[in-house]
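These numbers come from the heavy atoms of this one structure, side chains and all, not from hydrogens, waters or symmetry mates. Quick note: residue numbers are just sequence positions, from 1.
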Amino acid sequence: MFYPIARNTVLESHAWGCATTRESLVELGSVTPPDSWAFAYAYPNGCLRPLVVLMPGSSDDDDGKDFVVEETEDGTRVIYTNVEDAELRYIFEQTDTTRYSALMVNAIARLLAHYLAGPIIKGSEGIKIAGAHLEMYEKIELPRAKAADGNGRKKSVYANFTPSSISVRR
């Protein structure tokens, strides 16, 4: 009962390499965007959290464009943006646990322990143990897993940097 909640909470907390994807958005011709937006797109199935809307062919998240997610009166989730033929990079509901790193599994397990401690261990002792698991999740397990995942795909901030002391010599 608690596992999908714990898993999705961890998945939504970070743009995990195993749970991010990009796809071209499908324009909704039946939805008229509000005046401040030019295009209305369908919210992708399985999308837990949108990260960035990109121009077609763009690969750099720093080139992301403004967007907003709203629901229409009939409950349809819509992404509004001013990008024609937009692509979305997003976190999806990755259910294949073989794709998770060991540190990510530890984070999910620790959050699950937090959820289960109260119902299993009654009274103030259960509350205390649940709190301890939540603290371990927030302060140790999740940050460690995020750092390890992020280190696997960093790009250098200094790749095109020229110090001013050198640029004036040119």
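- Within a 6.0 Å radius of CG in D96, other residues, nucleotides and ligands contribute more than 12 heavy atoms.
- Looking only at distances, no side-chain donor or acceptor of Y137 sits under 3.5 Å from a matching main-chain atom of A109.
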Identify each donor-acceptor pair in which a side-chain atom of residues 49-57 lies under 3.5 Å from a protein atom, sequence neighbours left out, and give them as a table.
from : atom 1 : to  : atom 2 : distance (Å)
R49  : NE     : E12 : O      : 2.9
R49  : NH2    : E12 : O      : 2.9

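- Contact check for Q94 versus Y100: side-chain heavy atoms found under the 4.5 Å cut-off.
- Within the 4.5 Å cutoff, the side chain of S13 has heavy atoms near those of the K146 side chain.
- Taking 4.5 Å as the limit, some side-chain heavy atom of Y90 sits within range of a side-chain heavy atom of E23.
- Here the side chains of I79 and L88 are in contact, with some heavy-atom distance below 4.5 Å.
- For W16 (side chain) and S101 (main-chain N/O), no donor-acceptor pair under 3.5 Å exists by modelled atom type.
- Annotation: side chain of L48 is in contact with side chain of N8 (closest heavy-atom distance under 4.5 Å).
- Side-chain atoms of M136 and H114, non-hydrogen and from C-beta on, never get closer than 4.5 Å to each other.
- No side-chain heavy atom of F39 sits under 4.5 Å from any side-chain heavy atom of V83.
- A pairwise comparison of heavy atoms in C18 and F92 identifies O-CZ, 3.6 Å as the closest pair.
- At least one donor-acceptor pair under 3.5 Å links the side chain of T81 to the backbone N or O of D66.
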